[in-house]
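Below you'll find the structure, written out as structure tokens, and then a few comments.
In this chain, residues are counted from 1 in sequence order. Only heavy atoms go into these numbers, but all of them, side chains included; no hydrogens, no water, no symmetry mates.
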Amino acid sequence: MIYRFSVGRLECVVVSDGQPGPPFEPRLEDFFTPESGVPDDVLRDACHGRSTLTCGYNCLFVSTPDGTTVIDTGLGASFLGYGEYIEPLVGQLGGGMSSAGLSRSDLAAVVFTHLHQDHSRGAVWSGELTFPAATAFAHASEVAFWSGSVDLPSAQPHLEAARETIRLFGQKLRPFEYDAEILPGVHALPAPGHTPGHSAILLQSQGERLLCVGDTFYDPLQLTNPAWATPWDLDAPASISTRRQLLSRAADEQLLIHAYHLPFPGLGHVQRDGAAYTWHPLSS
């Protein structure tokens with residue numbers, strides 16, 4: 001699946017790394033749990049009979065004056081971390097790139113919103129760099145966290161991929177700080193909570209803007225219920241604060257949003273609905 005659009009002079013392509021469909025869509029009760037602050041009855045009442053979420057992996061390629069970059073890289077091929085059934089449904093980025101006329105060897109940069117495996121493993125899954133000429137960018141706090149002693153149970157499934165990413169890129173991994181311009185027209189915004197260095201990426205060109213929110217939300221339910229956290233938010237209060245801030249800005253400034261995990265292509269706008277928000281997808 002490929003979707004082309006532009007942000008000013010920045011030519012963009014969303015390439016899907018996969019989107020599991022029924023019966024392999026993840027269960028909402030695994031994302032929104034009593035332990036993460038969402039009681040079973042509250043979830044049941046909010047879902048209106050829906051029991052799963054459509055979880056996409058929407059990788060965004062951007063042609064900048066410094067070359068083509070990709071924001072997040074999917075799960076990579078030969079992925080069995082969610083069980084054998086999911087392997088054919090993800091790891092499709094390479095084929096999608098070929099169909100879009102994008103060359104792995106020509107990619108100039110990789111920007112990570114964070115280093116969870118479903119965002120970073122596509123760059124390192126084979127044990128070698130998928131994009132050999134690319135410079136990588138991740139927030140300094142993200143690099144420091146995964147390089148240190150990680151004992152949080154919810155972080156363990158992502159530890160191997162994060163450390164492999166840091167190791168393989170080596171000196172080609174450039175830590176950034178919030179509010180930095182990483183590449184021409186590509187800016188890092190603070191979005192901590194999901195992970196310590198989780199970042200939103202703002203594209204700007206000729207007065208047009210796009211906000212890449214990474215894992216700020218997984219499902220429109222987190223727009224109608226911004227206080228809902230997930231088991232994978234390492235700092236739930238911070239993740240909730242981030243979500244409220246980014247949704248407020250996106251609604252007030254009418255920003256186009258790229259949501260990594262929403263159904264392909266993950267592009268849309270948000271509007272205020274009282275103290276909550278609603279998602280309005282673009283047609284793919």
R163 atom CZ, neighbour heavy-atom count above 12 within 6.0 Å: yes

Any side-chain donor near an acceptor of the partner, S239 and T242, under 3.5 Å: no

Test item: S98 side-chain N/O and G94 main-chain N/O as donor-acceptor pair under 3.5 Å: yes

Hphob cluster co-occupancy, I71 + L211, side-chain heavy atoms under 4.5 angstrom: no

Spacing of CG belonging to L10 relative to CD belonging to Q204, to within rounding of 0.5 Å: 9.5 Å

Residues forming a ring pair (Phe, Tyr, Trp, His ring centres under 6.0 Å) with H258, sequence neighbours excluded: none

S63 and E11 side chains, donor-acceptor separation under 3.5 Å: no

Nearest heavy-atom neighbours spanning G197 and Y178: C-OH, 3.4 Å

Side-chain touch Q19/P263, heavy atoms, less than 4.5 angstrom: yes

Closest contact, heavy atoms only, P196 versus S141: O-CB, 4.0 Å

Closest heavy-atom pair and its distance - R9, S205: N-OG, 2.8 Å

Path from V270 to L256 over hydrophobic side-chain contacts below 4.5 Å: no

More than 12 heavy atoms from other groups under 6.0 Å of CD on E160: no

Aromatic plane relationship, F24 with Y85 - under 30° parallel, 30 to 60° tilted, over 60° perpendicular: parallel

Atom CZ of R50 with >12 non-hydrogen neighbours under 6.0 angstrom: yes

Verdict with reasoning, H269 to Q254, per side chain to side chain donor-acceptor pair (under 3.5 Å): CA-CA 7 Å; H269 295 87; Q254 299 181 331; over 6 Å; no

Stepwise ring pair (Phe, Tyr, Trp, His ring centres under 6.0 Å) test for F31 and W232: CA-CA 8 Å; F31 277 72; W232 301 284; 4.9 Å; yes

Residues in salt bridge (Lys or Arg N to Asp or Glu O under 4.0 Å) contact with E128, at least two apart in sequence or another chain: none

Under the side chain to side chain contact (heavy atoms under 4.5 Å, CB included) test, residues paired with T278 that sit two or more places apart: Q271, D273, H280

Minimum heavy-atom distance I201-A188, with the two atoms named: CD1-CA, 4.3 Å

Over all atoms of both residues, closest heavy-atom pair of P20 and C55: CD-O, 3.4 Å

Separation between OG1 of T165 and CG of L129, rounded to the nearest 0.5 Å: 9.0 Å

Audit row: F176, F137, ring pair (Phe, Tyr, Trp, His ring centres under 6.0 Å) steps and yes/no: CA-CA 7 Å; F176 60 76; F137 298 87; 7.2 Å; no

N-O pairing of D215 and R243 below 4.0 Å: no

Donor-acceptor contact present, side-chain S36 to main-chain A229, <3.5 Å: yes

Near-ring test H261/H119, centroid separation under 6.0 angstrom: yes

Which residues share a side chain to side chain contact (heavy atoms under 4.5 Å, CB included) with R272, sequence neighbours left out: S248, A251, D252, Y277

Main-chain N/O of A227 paired to N225 side chain as donor or acceptor, under 3.5 Å: no

Hydrophobic cluster identity match, F264 and L75, side-chain contacts under 4.5 Å: no

Pairwise distance CG(L202) to CG(L255) - rounded to 0.5 angstrom: 7.0 Å

Check: H116/H194 side-chain N/O donor and acceptor closer than 3.5 Å: yes

Polar contact flag, side-chain donor to acceptor under 3.5 angstrom, T33-E29: no

Within one Ile-Leu-Val-Met-Phe-Trp-Tyr cluster: L60 and I257, side-chain cutoff 4.5 Å: no

Student check: side-chain heavy atoms of W279 and P281 closer than 4.5 Å: yes

Gap separating the CG atom of L246 from the CG atom of L189, nearest 0.5 angstrom: 7.0 Å

Summary of salt bridge (Lys or Arg N to Asp or Glu O under 4.0 Å) pairs that have at least one residue in residues 195-214, sequence neighbours excluded: R209-E253

CG on D219 to CG on L262, rounded to 0.5 Å: 7.0 Å

Between CG on residue D72 and CZ on residue F61, distance to nearest 0.5 Å: 10.5 Å

E142: side-chain hydrogen bond (donor to acceptor under 3.5 Å, both in side chains) partners, not counting sequence neighbours: W146, T195

Working for side-chain contact (heavy atoms from CB on, under 4.5 Å), residues L28 and T52: CA-CA 5 Å; L28 284 167; T52 63; 5.5 Å; no

Cluster link L210 to Y260, ILVMFWY, side chain under 4.5 Å: no

Contact summary for P265 and V14, nearest pair of heavy atoms: O-CG1, 3.6 Å

Mutual orientation of the aromatic rings belonging to Y3 and F5 [parallel < 30°, tilted 30-60°, perpendicular > 60°]: tilted

Flag, side chain of D17 to backbone of N58, donor-acceptor distance under 3.5 Å: no

Salt-bridge present (D30, R27; N to O < 4.0 Å): yes

